Amino acid sequence: MLSAAVFIALMLVTAAVALSFWRLLCGPSMPDRILALDTLYINTIALLVLLGIHLSSGLYFEVALIIAVMGFVGTVAACKYLLRGDIIE
Amino acid sequence: MLEVFISLLILTGAIFTFIGSLGLVRLKDFYTRIHGPTKATTLGVGSLLIASALYFSYLERSISLHEVLVTLFLFITAPVSAHMLTKAALHLGLQSLARLPEQQVNRQHNEQEAKHDQGD
Amino acid sequence: MHRFFPHPILALILAGIWLLLVNSIHPGQIVLGLLLGWMIPLLTTQFWPEAVRIYKPFHLLHFVGIILIDIIQANFTVARLVLGRPDRLQPAFISMPLILKSDLAISFLANVITLTPGTVSARLSHDRCHLLVHALDVTNTEELANTIKSRYEKPLKEIFEKC
């Protein structure tokens, strides 16, 4: 029961990663790409958590935590660049 | 019984995560697109993490709560990054399906902001 | 007392986060967490110019409960809109006058607006009097602004500001 649920969930989350990757490649503007990257890292956290349940290992939690922290900092830094990069031109 | 509950949490979480990314692809302009990932994906990952916390508590016969930390962190940071992204998009003047808040005021505001930022 | 122990609430939160991070409630870890909760605010005290005052803690708990329910409802709303017909959406920008004054209350309100049904906070005006909100699917903008005001802004004013 649980392994079947994890299997289906892994497929769905992988599809989500593919969709946000598509938006990352063809997003018409910079904020679109940053939003796609933001979604991508949250999806990666989901993927790691599912992998942790699948392999019954607590090791993946630390990876998820680091990705959450670094991803947020990255998104905010990129937005700051967009907000200020226009001024330096 | 607990196994069924964990499986349901995992499935709902995965479905919401998927719907969030689907919104990213299906919706038409940036300002509507931002709604999908910030809401659906955050709750999806949140429920996956709660499922993981329950699973490891059950597996190790002791309470495992550190997944709650990631959930809390995501729930605090998701609105902040959404706000920053919308602000950046407004600053760049991206096309919108909705009428942008008075174009003229917007330009004045940008100039004011430029002065303000230079002043920092 | 105030100089050596500037932010009691922050200290407790930091100790809680430490316990979650090490994932144990061993007495040694509790002592270490409390020590960290005391040290970190002391060393970073210049980044926290004013202490946070919560006037009505029980209202805060009630408010958090309301928000959690709204977040779950928001997800079903957004899921329905995404799976429906995206070309029939009626997005709109709403400029909302604020009655809140303190920084913490305004940032709280902006975060809550982003997490609840169909709205994202977009920009705060420079004089801090107007918050620009983007709504995903709205027909009556007046009604939405009034809902946000009565449901989220009024409780926040009661909690964080002296009336």
Side-chain angles (χ1 to χ4, degrees), chain A residues 1-6 8-24 27-32 34-36 38-40 42-43 45-47 49-50 52-53 56-58 60-62 64-65 67-69 71-76 78-84 86-87, chain B residues 3-4 6-15 17-26 30 33-34 36-38 41-42 44-45 48-49 51-52 55-56 59-60 64 66-67 69-70 73-74 76-78 80-92 94-95 110 113-114 117-118:
Chain A
M1 173 80 187
L2 191 66
S3 57
V6 170
I8 297 168
L10 273 172
M11 286 204 296
L12 279 170
V13 177
T14 312
V17 168
L19 288 176
S20 45
F21 199 70
W22 186 78
R23 178 53 73 192
L24 178 68
S29 64
M30 279 314 275
D32 271 308
I34 301 174
L35 179 62
D38 194 71
T39 319
L40 204 59
I42 297 181
N43 284 338
I45 294 172
L47 215 52
V49 169
L50 282 173
I53 297 177
S56 304
S57 150
Y60 293 93
F61 161 76
E62 268 81 11
L65 188 64
I67 290 181
V69 174
F72 170 66
V73 174
T75 308
V76 170
C79 288
K80 264 287 184 228
Y81 171 70
L82 281 190
L83 277 170
R84 281 164 181 262
D86 206 79
I87 297 151
Chain B
E3 198 183 323
V4 175
I6 294 174
S7 308
L8 277 179
L9 266 180
I10 288 176
L11 279 181
T12 23
I15 288 169
T17 314
F18 179 71
I19 287 174
S21 297
L22 194 68
L24 195 65
V25 170
R26 277 193 80 181
F30 175 78
R33 251 176 239 148
I34 201 161
T38 49
T41 308
T42 312
V45 176
L48 280 178
L49 282 162
S52 162
Y55 176 71
F56 283 110
L59 198 72
E60 288 160 14
S64 159
H66 58 182
E67 282 88 351
L69 198 62
V70 183
F73 191 79
L74 278 182
I76 294 170
T77 56
V80 178
S81 45
H83 183 91
M84 291 292 289
L85 277 165
T86 327
K87 209 173 148 185
L90 279 173
H91 181 75
L92 296 177
L94 287 192
Q95 287 293 313
N110 282 350
E113 201 158 72
D117 283 353
Q118 273 171 356

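The shown structure was predicted, so the numbers you read here are calculated from the model rather than taken from an experiment. Chain letters run A, B, ... following the sequence lines, proteins first and then strands; every chain starts at 1.
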*Asks:* For a quick test of reading the model, state the closest non-hydrogen atom pair linking A:Phe72 to B:Thr77 and the distance between them.
*Replies:*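 It is CD1-CB, 3.4 Å.
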
*Asks:* Considering non-hydrogen atoms only, spot the tightest contact between A:Ala36 and B:Leu24 and give its length.
*Replies:*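 Smallest heavy-atom distance, with atoms named: CA-CD2, 4.1 Å.
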
*Asks:* Minimum heavy-atom separation for B:Ile10 and A:Ala5, please, with both atom names.
*Replies:* CG2-O, 4.1 Å

*Asks:* In this structure, are over 12 heavy atoms from other groups packed under 6.0 Å from B:Phe73 atom CZ?
*Replies:* yes

*Asks:* For B:Ile34, is it the side chain, the backbone, both or neither that has a heavy atom under 4.5 Å from a heavy atom of chain A?
*Replies:*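 Both backbone and side chain.
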
*Asks:* Heavy atoms only, distances under 4.5 angstrom: which of B:Ala51, B:Ser81, B:Ala78, B:Ala82 has the most pairs with chain A? Name it, please.
*Replies:* B:Ser81

*Asks:* Got a second to check how far A:Cys79's SG is from B:His83's NE2, nearest 0.5 Å?
*Replies:*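 Separation between the atoms: 10.5 Å.
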
*Asks:* I'd like to check the side chain to side chain contact (heavy atoms under 4.5 Å, CB included) partners of B:Ala89; sequence neighbours left out, ordered by chain and number.
*Replies:* A:Pro31, B:Phe30, B:Tyr31, B:Leu94

*Asks:* In Å and rounded to the nearest 0.5 Å, what is the CG to CG distance from A:Leu12 to B:Leu11?
*Replies:*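 One gets 8.0 Å once the value is rounded to the nearest 0.5 Å.
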
*Asks:* Excluding sequence neighbours, so at least two apart, what forms ring-ring contact (aromatic ring centres under 6.0 Å, His included) with A:Phe61?
*Replies:* B:His66

*Asks:* At a heavy-atom distance under 4.5 Å, which candidate from A:Ala15, A:Ser57, A:Ala18, A:Ala4 has the highest pair count against chain B?
*Replies:* A:Ser57

*Asks:* Quick one: CE on A:Met30 to CG on B:Leu85, what's the gap to the nearest 0.5 Å?
*Replies:*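 Going from the CE atom of A:Met30 to the CG atom of B:Leu85 covers 11.0 Å.
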
*Asks:* What's the spacing between A:Lys80 NZ and B:Lys87 NZ if we round to 0.5 Å?
*Replies:* 5.5 Å

*Asks:* When heavy-atom pairs shorter than 4.5 Å are enumerated against chain A, which of B:Leu48, B:Ile19, B:Val80, B:Val4 gives the highest number?
*Replies:* B:Leu48

*Asks:* Could you tell me which portion of B:Ile15 (side chain, backbone, both or neither) has an atom closer than 4.5 angstrom to a non-hydrogen atom of chain A?
*Replies:*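 Its backbone and side chain both get close to chain A.
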
*Asks:* With rounding to the nearest 0.5 Å, note down the distance linking OG1 in B:Thr17 to CG in A:Leu19.
*Replies:*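 So the OG1 of B:Thr17 and the CG of A:Leu19 are separated by 12.0 Å.
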
*Asks:* At a 4.5 Å cut-off on heavy atoms, which part of A:Ser20 comes close to chain B: side chain, backbone, both, or neither?
*Replies:*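 Both backbone and side chain of A:Ser20 come within 4.5 Å of chain B.
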
*Asks:* For chain B, find which of A:Ile45, A:Ile53, A:Val49, A:Leu40 contributes the most heavy-atom pairs closer than 4.5 angstrom.
*Replies:* A:Ile53

*Asks:* To the nearest 0.5 Å, what is the distance between OG1 (B:Thr38) and CG (A:Leu35)?
*Replies:*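 Result: 8.0 Å between the selected atoms.
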
*Asks:* Looking at A:Val6, A:Leu65, A:Thr14, which makes the most heavy-atom pairs under 4.5 Å with chain B?
*Replies:*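 Option with the greatest count: A:Leu65.
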
*Asks:* Under 4.5 Å heavy-atom distance to chain B, tell me which part of A:Ser56 shows up: side chain, backbone, both or neither.
*Replies:* both

*Asks:* For A:Leu50, is it the side chain, the backbone, both, or neither that has a heavy atom closer than 4.5 Å to a heavy atom of chain B?
*Replies:* side chain

*Asks:* Taking A:Val69, A:Leu2, A:Thr75 one by one, which has the highest count of heavy-atom pairs under 4.5 Å against chain B?
*Replies:* A:Leu2

*Asks:* A:Asp38 versus chain B, heavy atoms under 4.5 Å apart: side chain, backbone, both or neither?
*Replies:*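 The side chain, not the backbone.
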
*Asks:* Can you tell which of B:Met84, B:Glu67, B:Arg33 has the highest number of heavy-atom pairs within less than 4.5 Å of chain A?
*Replies:* B:Arg33

*Asks:* Heavy-atom pairs under 4.5 Å with chain B: which of A:Ile42, A:Asp32, A:Thr39 has the most?
*Replies:*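 The candidate making the most pairs under 4.5 Å is A:Asp32.
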
